[in-house]
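Throughout, protein chains are lettered first and strands after them, A, B, ... in sequence-line order, and every chain is numbered starting at 1.
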Amino acid sequence: MSKFLSLSEAISRYVHDGDTVALEGFTHLIPFAAGHEIIRQRRKNLTAVRLTPDLIYDQLIGAGCVKKLVFSWGGNPGVGSLHRFRDAYQSGWPVKISIEEHTHAGLTNRYVAGASGMPFAVLRGYFGSDLFEQTSNVSTIQSPFTDEKFLAVAAINPDVAIIHAQQADKNGNVMMWGITGSSKEAVFASKATIVTVEEIVDTFQPKFNSIIIPNVLIDAIAHVPRGAWPSYASGYYERDNDAYIAWDAVSKDRESFEKWLADEIYGESGAKP
Amino acid sequence: MTVGSNSDIAAVSAVSDVSGEKKPWNSNEMMTIAASRTLKDGAICFVGIGIPSTAAILAKSSHAPNLFLIYESGTVNTDPKRLPLSIGDGELANEALSVVGMPEIFNYWLQPGHIDVGFLGAAQIDRFGNINTTFIGNSYDDPKVRLPGAGGATEIAGACKEVIIIIKQSKRTFVEKIDFITSFGFGDGPGSREKHGLIGNGPKYVITDQGILEPDPVTKELVLVSLHPGVSVESAIENTGWDLKVAENILTTDEPKDFELKKVRELVATSSKKSE
């Protein structure tokens, strides 16, 4: 049952060294503030799962929190490369990371299997792609009904899912709308769930295409306005495309990244727009 | 070989322009417009950001008002008025008939074969339309250049009824052997897709800055069927890393029309202004 906690308390209680974490949200509602708090609390050896690592995992990787990245598209959307990811993967700075690479359909279905309480999910996917040979947690399975072979992906059940949503009500239910990616599946698949929200309201007013996550599925809610910046929260603020572009220069070399860490994360101000 | 004589996209210009004069449009604009013309009204189309989005919005504003656009971020039948700057741009959600989660996009829309046309880009392509978006170099574990990876592309290449690939043509991109097959085209020729159980028909057009290629119906090898105005066959051959097949009756792509150029420039201008 969800409890309202400070972000610092929520991370401290539910994210531990060595955990498998899934900070989800597809372009929209990416829980950046929670990621920054994980860096601030200097968590280590995380297995970090996300379809698109985006800047949030580039930052966690650069800060040395991650030992393994599980992902399906690793770029800075609309800009270019994730330099901290590449530096860690190719040069081992600040720590060597391993990768487990999927397609969006494959990783989405790892969450679906995890959410469904099944050991694997079955799909038509990866066939003909060299990725099949490179990636663990992917195999083939014979249909019990026909001669056809399909692809199976192993379930993923993270220790903790962290998502950002627009609103929580007083009873600790959460409402999100707009693009929700694989957030719902990540919540159902995970052993614990932290949600950061823009606003706490008395009662929800239904929104176009909204989804509700009832309080029984949530462990901690933290009220963090602008907690998805520089991604966006529909109804609250737009994506800060300039910040995504600016990240390219910040992350390009180790010195400028370390300065960013010192100024924006470890410094007193925290990352603010 | 008589490929391309029925091409429905590259109507023959009355006069081919081989004068080499500077064109009043650039190759990105030509690629975008050529891609846009391939989209039929009413088609269900899986789109990405960049040129595919520009092409799709142009098509919707001209010959294909009922084009049904789906983005992998979950926006279904969306009608963006400006260019989306990211795959999950708020504009795509705000203008959509419905917004759904990603399992629904991949498992219910793409996998069973509901999508007519999928757009893909690539860093490398081979003569059978197999494409690489994963890495450049000799080794997956120690790449020379690491690229973003598959995203939605592998299953788009597998399950869409047709695939349109947009890529600039050069010896670096059109290669004899790609470093990694991220997404499957025709493998090593006829029968490969069937062997892998892929339900879609594979690449239908490859649109480049030089012209348009289509797979030979029998051999599945890409054949140059149309040249953009002002481009020579020699140039297309020179920019290909294999022995490029050229259709006997090669066509010239129609010049960009004024309304096409106007719309493309309008869209691109808003997007660069936004990201300045």
| query | So, A/Asp87 side chain and A/His83 main chain: donor-acceptor pair closer than 3.5 Å or not? | reply | no

| From A/Thr47 OG1 over to A/Ile97 CD1, what is the distance, rounded to the nearest 0.5 angstrom? | 10.5 Å

| Relative to chain B, which of A/Thr27, A/Asp130, A/Ile211 shows the most heavy atom pairs under 4.5 Å? | A/Asp130

| Is a donor on one side and an acceptor on the other found under 3.5 Å between the side chain of B/Asp126 and the backbone of B/Gly129? | yes

| query | Between A/Glu101 and B/Tyr140, does any side-chain donor sit less than 3.5 Å from a side-chain acceptor? | reply | yes

| note | Per-residue tally against chain B (heavy atom, under 4.5 Å) across A/Ile99, A/Leu51, A/Thr103 peaks at A/Thr103

| field | Most contacts with chain B, counted as non-hydrogen pairs under 4.5 angstrom, among A/Lys149, A/Gln134, A/Gln90 | value | A/Gln134

| message | So for B/Ile156, is it side chain, backbone, both, or neither that comes closer than 4.5 Å to the heavy atoms of chain A? | response | neither

| query | Given the options B/Ser183, B/Pro103, B/Gly149, which has more heavy-atom pairs under 4.5 Å with chain A than any of the others? | reply | B/Pro103

| remark: When rounded to the nearest 0.5 Å, the distance separating CD1 of B/Ile165 from CG of B/Leu120 is 6.0 Å

| query | chain B heavy atoms under 4.5 Å from A/Tyr89: which part of the residue, side chain, backbone, both or neither? | reply | side chain

| said: If we count only N and O atoms by modelled type, under 3.5 Å, do the side chains of A/Glu199 and A/Tyr236 hold a donor and an acceptor together? | reply: yes

| field | When B/Gly158, B/Gly90, B/Pro84, B/Ala157 are compared by non-hydrogen pairs under 4.5 Å with chain A, the top option | value | B/Gly90

| said: Within 45 degrees of the ring normal and closer than 6.0 Å to the centroid, is that where the cationic atom of A/Arg226 sits relative to A/Tyr237? | reply: yes

| field | Side-chain donor-acceptor pair present, A/Thr108, A/Arg110, cut-off under 3.5 Å | value | no

| message | Tell me if the centroids of the rings in B/Trp109 and B/Phe68 come within less than 6.0 Å of each other. | response | yes

| query | For the candidates A/Ser72, A/Ser234, A/Gly78, which exhibits the highest count of non-hydrogen atom pairs separated by less than 4.5 Å from chain B? | reply | A/Ser72

| task | Examine whether an atom of B/Thr134 lies under 4.5 Å from a heavy atom of chain A, and if so say whether it belongs to the side chain, the backbone or both; otherwise answer neither. | result | side chain

| said: If I measure from the heavy atoms of chain A, does B/Asn107 come under 4.5 Å with its side chain, its backbone, both, or neither? | reply: side chain

| chain B neighbours within residues 116-125 of chain A, where any heavy atom lies under 4.5 Å away | A/Leu123, A/Arg124, A/Gly125

| request: Please check if the side chain of B/Arg193 supplies one atom and the backbone of B/Gly200 the other of a donor-acceptor pair under 3.5 Å. | output: yes

| request: Check whether the ring centres of A/Phe26 and A/His104 lie less than 6.0 Å apart, and answer yes or no. | output: yes

| request: Kindly say whether B/Thr54 contributes a backbone atom to a donor-acceptor pair with the side chain of B/Thr32 at under 3.5 angstrom? | output: no

| said: With a 3.5 Å distance limit and no angle check, can you tell me whether B/Glu155 reaches the backbone of A/Tyr126 through a side-chain donor-acceptor pair? | reply: yes

| remark: Per-residue tally against chain A (heavy atom, under 4.5 Å) across B/Ile87, B/Thr133, B/Asp142, B/Ile49 peaks at B/Ile87

| request: Report yes or no: does A/Ser231 contribute a side-chain atom to a donor-acceptor pair with the main-chain N or O of A/Ala228 at less than 3.5 Å? | output: yes

| field | Ring center gap for A/His102 and A/Phe71 short of 6.0 angstrom | value | no

| request: Without swapping roles, check the side chain of A/Ser143 against the backbone of A/Phe145 for a donor-acceptor pair under 3.5 Å. | output: yes

| query | Taking the side chain from A/Asp58 and the backbone from A/Phe85, do they hold a donor-acceptor pair closer than 3.5 Å? | reply | yes

| query | What are the residues of residues 166-181 of chain B, in order of number, with any heavy atom under 4.5 angstrom from a heavy atom of chain A? | reply | B/Phe180, B/Ile181

| said: Below 4.5 Å, heavy-atom pairs only: which of A/Arg86, A/Glu148, A/His28, A/Lys184 has the largest tally toward chain B? | reply: A/Arg86

| Contacting region of A/Phe208 [heavy-atom separation from chain B under 4.5 Å] | side chain

| note | Most contact-rich option vs chain B, by heavy-atom pairs under 4.5 angstrom, among A/Ser98, A/Gly178, A/Ala105, is A/Ala105

| Donor-acceptor contact present, side-chain B/Asp116 to main-chain B/Ile44, <3.5 Å | yes

| message | Less than 4.5 Å to any heavy atom of chain A: does that hold for the side chain of B/Val76, its backbone, both, or neither? | response | neither

| note | Under 4.5 Å to a heavy atom of chain B? For A/Ser129 that would be both

| What residue, out of B/Ser98, B/Gly101, B/Ala159, has the most heavy-atom pairs lying under 4.5 Å from chain A? | B/Ser98

| said: Heavy-atom pairs under 4.5 Å with chain A: which of B/Leu92, B/Asp89, B/Leu110 has the most? | reply: B/Asp89

| Hey, is the main chain of A/Trp177 close enough, under 3.5 Å, to the side chain of A/Asn209 for a donor-acceptor pair? | no

| Most chain A-contacting option - heavy-atom pairs closer than 4.5 Å, from B/Gly187, B/Pro143, B/Ser192, B/Gly197 | B/Pro143

